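Below is one structure, written out as structure tokens; the observations come after it.
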Amino acid sequence: MENYRKLTEKEVATLVVYGCSADNWSNVAVDPEFTPQYVTNVHFSGTIKLGKFDKVFEMDGGFRKHSGLYNCCLHNCTIGDDVFIENIHNYMANYDVGKGTYIENTNLIVVDGKTTFGNGVRVPVMNETGGREVPIYDFLSAPLAYILTLYRHRPQMIENLQKMIDDYSESISSDRGKIGENVEIINCGRIKNVRIGDCSSIKGVSNLKNGSINSNAKAPVHIGSGVKCTDFIICSGVSISDSTLVSTCFIGQGCIMDKHYSALDSLFFSNCQGMHGEATAIFAGPYTVSHHKSSLLIAGMFSFLNAGSGSNQSNHMYKLGPIHQGIVERGSKTTSDSYILWPAKIGTFTLVMGRHTSHSDTTDLPFSYLIENGTESYLIPGVNLRSVGTVRDAQKWPKRDNRTDDLKLDPINFNLLSPYTIQKMYKGIAVLENLKKISGETTEIFTYQNCKIKHSSLKKGIQFYRTAIFKFLGNSLISRIQKENPTTFKELQQKLRSETQIGVGDWIDLSGLIVPKGEMEKMLTDIENNTLTLTDTRGRLEEMHNEYYNYEWTWAQQKLEEYWGKPITTIGKEDLIAFIELWKESVVRLDNMLYEDAKKEFNLNSKIGFGVDGDEEQKHKDFENVRGTFEKNPFVNEVLNHIERKTALANTVIEQINRL
């Protein structure tokens, strides 16, 4: 509301009768429709603007409260229409409060001097002693933070990005705070230098200091009892409760933190979950999940991680301090009581079991098991490709996207197989073949990057990787054929040629965003040359995400041409049909392995503890009533249906090619 008027003498007299006072009544302006009967025991100082109070709030149990101001001290505040404020035990200063907001029983709400509300705060991620500080701001994304964290070999680019974020922080700095519309603030302690977005629910918090709560009507933020947050940005759709402690952190969209979680000097991006445990100086990319007590994530970079109970890492070897770091690439899992001594690098979709102190680097052997055997780390390459858990994870992540905001800050690629993971498999085959060549066919145990690999595991790893490569290339080829839907074979040959050269070469995972490395390098050069703004940079990242499948086909086309040994515009029908048959065989082989892996969940060992006081028949019945039967399990049925669908698809596409 823009038009205000002065209080009339009668209104001032009424307010005084109602126990109100002011340093100077002439500094109090009100809505033209303001009436004083809903203002009681309030002291005004500084410049005050008040709206009208018509709304009645319906409370739990049917109790009703009329909007208005009761038992509080307000200094330099603008109060919107239909606001309820009662029992501010200390005072409220330098805030603009949006309409329909409800504030009750809170100690202190204040902006003290000029503040950026958490924007520009440096988070010493991954290295506790500094060197990788990331300045946080309202629109920080996981890919941008990835660049700021890891690309310190391009200092000019880093400096330009940091300056842009600092300029943004300065542009939104103010000595006045904002509490948005339809906010609830109830039974809270101290709130200082905090900007609070629309529809936030803040109940029972202990302390909020120097931060932004970027809530909105489509993705409200909930902050609950006992929570303490200092130097923070909380994005839309976040829930934090149960005495969780947050200090110097960015909390991305859709994150959940509760059950006494402790987060220090860390970045959390979309849909992370932290409960019971602790995080210190971590880069938690999308879907980093830690649910258990005694779990510590420290000085590492993670994404799509499932941390088991008691998972732990160490960044301190008691020499030069906590200076070591580690990277666990997307999709990995750590089992209960697993331990990794940094520095180390764990490849994509790897299961880590046991204690590992040998500083392994398994990035070129993805989808593996890293298992402790005695005091040594044993690697089983590619075996995770046949795990039902891996496929189940890939299926569940899109379904568990908590983001309801129209603006998604993190562009996320959920694909299990992509140029990023498949290129690693090509490298993995080369690594394993080279080990075999150097050490000889008769070697029983191979050594690679401080890990041991058994001869049988090496041979199977090569087979796993080749099967997955054929599956991915076949997926990409069939999608292209179906997309183009040609009428002649010559037209098909021409349309299989990619319209762009973007995508050739290495690919990287920018913490959820899978892109060609060359495109990312071009963007970084533009940032170095000061030709991109922060908004432009966000736009470029989004554009790369949207163009993923076009870029993917460019990469896949090159690999297919290498396989055929000729350009894709010269392939014959027999080449295409033979490869589609190979794709069908690979898909069915992997699905059959998943089927056999799922069957293990229904064997006799899995039934231990069922039907405890009965005979063998009762054990089986108890198990079936709780877990169901193998034949009726939804995942098992989906695997069988997948085999049927893909077989039918292969036959349909082969028919289509033969008709051309």
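Owing to the predicted nature of the structure, the values given are computational and were not obtained by experimental measurement.
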Under the salt bridge (charged side-chain N to carboxylate O under 4.0 Å, His left out) rule, what do Lys437 and Glu433 come out as? Steps first, then yes or no, please. CA-CA 6 Å; Lys437 180 180 178 182; Glu433 294 281 14; over 6 Å; no

Show the numbers, then the answer: is there a ring-ring contact (aromatic ring centres under 6.0 Å, His included) between Phe283 and Phe269? CA-CA 8 Å; Phe283 187 117; Phe269 293 97; 5.3 Å; yes

Worked verdict on Tyr548 versus Trp507 for ring-ring contact (aromatic ring centres under 6.0 Å, His included): CA-CA 11 Å; Tyr548 166 79; Trp507 283 57; 5.7 Å; yes

What's the verdict on salt bridge (charged side-chain N to carboxylate O under 4.0 Å, His left out) for Glu329 and Lys424, showing C-alpha distance, side-chain angles and the deciding distance? CA-CA 12 Å; Glu329 295 179 340; Lys424 289 177 177 291; 3.3 Å; yes

Between Glu484 and Arg480, does a salt bridge (charged side-chain N to carboxylate O under 4.0 Å, His left out) hold up when you go through it step by step? CA-CA 6 Å; Glu484 298 300 341; Arg480 185 74 177 189; 3.7 Å; yes

Applying ring-ring contact (aromatic ring centres under 6.0 Å, His included), run through Tyr369 and Tyr378 and close with a yes or a no. CA-CA 8 Å; Tyr369 284 0; Tyr378 273 71; over 10 Å; no

Hey, mind stepping through Leu640 and Glu644 against side chain to side chain contact (heavy atoms under 4.5 Å, CB included) and telling me if it holds? CA-CA 6 Å; Leu640 295 175; Glu644 290 183 12; 5.5 Å; no

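Formation of a donor-acceptor pair under 3.5 Å by the Tyr168 side chain with backbone atoms of Tyr137 is not found in this model. With hydrogens and angles ignored, the 3.5 Å screen pairs no side-chain donor or acceptor of Ser141 with any backbone N or O of Asp410. Between the side chain of Ser303 and the backbone N or O of Ser511, no donor-acceptor pair lies under 3.5 Å. Side-chain N or O atoms of Ser418 include none that pairs as donor or acceptor with a backbone N or O of Asn415 at under 3.5 Å. No donor-acceptor pair under 3.5 Å is formed between the side chain of Glu372 and the backbone N or O of Gly354. Thr149 contributes no side-chain N or O that, together with a main-chain N or O of Val125, makes up a donor-acceptor pair within less than 3.5 Å. A donor-acceptor pair under 3.5 Å is formed between the side chain of Gln493 and the backbone N or O of Ile571. Remark: side-chain polar atoms of Ser332 are paired, donor with acceptor, to backbone N or O of Thr350 under 3.5 angstrom. Between the side chain of Asn485 and the main chain of Thr487, no donor-acceptor pair closer than 3.5 Å is present. Between the side chain of Thr525 and the backbone N or O of Glu521 there is at least one donor-acceptor pair closer than 3.5 Å.
Using a 4.0 Å cut-off between charged side-chain N and carboxylate O, Arg589 and Glu585 make a salt bridge. A salt bridge does not link Asp405 to Arg403: none of the charged nitrogens lies less than 4.0 Å from a carboxylate oxygen. Salt bridge absent: Glu444 and Lys436 never bring a charged side-chain N and a carboxylate O closer than 4.0 Å. A salt bridge does not link Glu542 to Lys408: none of the charged nitrogens lies less than 4.0 Å from a carboxylate oxygen. At a threshold of 4.0 Å, the pair Asp526-Arg540 counts as salt-bridged, since one of the basic side-chain nitrogens sits closer than that to a carboxylate oxygen. In summary, Lys566 and Asp575 engage in a salt bridge, as defined by a charged side-chain N under 4.0 Å from a carboxylate O. Contact check on Arg154 versus Glu528 returns a salt bridge, with a Lys/Arg side-chain nitrogen under 4.0 Å from an Asp/Glu carboxylate oxygen.
Counting heavy atoms from C-beta outward, Leu590 and Tyr595 have side chains that stay 4.5 Å or more apart. Between Thr362 and Lys345, every side-chain heavy-atom pair lies at or beyond the 4.5 Å cut-off. Side-chain contact between Leu435 and Tyr448: present, with at least one pair of heavy atoms (C-beta onward) separated by less than 4.5 Å. Residues Gln423 and Asp506 are in side-chain contact: their nearest non-hydrogen atoms beyond the backbone lie under 4.5 Å apart. Put simply, the side chain of Thr334 does not reach to within 4.5 Å of the side chain of Asn306, judged on heavy atoms. Leu496 places none of its side-chain heavy atoms less than 4.5 Å from the side chain of Thr569.
For Arg538 and Phe139, the positive end sits near the middle of the six-membered ring, less than 6.0 Å away and at most 45° from its axis. In this structure, Lys452 fails the cation-pi test against Phe446, since its NZ or CZ atom is not both closer than 6.0 Å to the six-membered ring centre and inside 45 degrees of the ring normal.
Of the N and O atoms on the side chains of His359 and Asn450, not one donor lies less than 3.5 Å from an acceptor on the other residue. With 3.5 Å as the limit, one finds no donor-acceptor pair spanning the side chains of Ser360 and Gln449. At a cut-off of 3.5 Å, with distance as the only test, a side-chain donor of Asn550 or Glu547 sits close to an acceptor on the other residue. Side-chain atoms of Ser358 and Glu376 form no donor-acceptor pair, as typed in the model, at a separation below 3.5 Å. For Asp393 and Thr390, the side-chain atoms include no donor-acceptor pair closer than 3.5 Å. Using a 3.5 Å distance cut-off with no hydrogens or angles, the side chains of Glu552 and Ser476 do pair a donor with an acceptor.
Nearest heavy-atom pair across Ser377 and Leu370 is CB-CD1, 4.0 Å. Shown here for Glu133 and Arg152, the closest heavy-atom pair between the two residues is O-NH2, 2.6 Å. A pairwise comparison of heavy atoms in Ile580 and Ile481 identifies CD1-CD1, 4.4 Å as the closest pair. When all heavy atoms of Asp138 and Leu409 are compared, the closest pair comes out as O-CD1, 3.8 Å. Heavy atoms only, all atoms of each residue included: Pro486 and Leu660 are closest at O-CD2, 3.5 Å. Scanning both residues, Ser311 and Ala307, for their nearest heavy atoms gives OG-C, 3.8 Å.
Among Thr288, Asn413, Asp509, the one residue that satisfies the side-chain hydrogen bond (donor to acceptor under 3.5 Å, both in side chains) test with Arg330 is Asp509. Exactly one residue among Lys163, Gln156, Gln162 makes a side-chain hydrogen bond (donor to acceptor under 3.5 Å, both in side chains) with Asn160. That residue is Gln156.
Heavy-atom contacts from other residues, nucleotides or ligands closer than 6.0 Å to NZ of Lys495 number more than 12. Annotation: Arg645, atom CZ; neighbour count of heavy atoms from other residues, nucleotides and ligands within 6.0 Å is above 12. Taking a 6.0 Å sphere around NZ of Lys490, one finds it holds 12 or fewer heavy atoms contributed by other residues, nucleotides or ligands. Remark: Glu491 CD is packed, more than 12 non-hydrogen atoms of other residues, nucleotides or ligands lying under 6.0 Å away.
Phe414 and Tyr287 have their aromatic ring centers within a separation under 6.0 angstrom.
Ring orientation note: the planes of Phe302 and Trp342 are tilted relative to one another, at an angle of 30° to 60°. The aromatic rings of Tyr146 and Tyr151 sit tilted, their planes meeting at an angle between 30° and 60°. The aromatic rings of Trp397 and Phe349 sit tilted relative to each other, their planes meeting at an angle between 30° and 60°.
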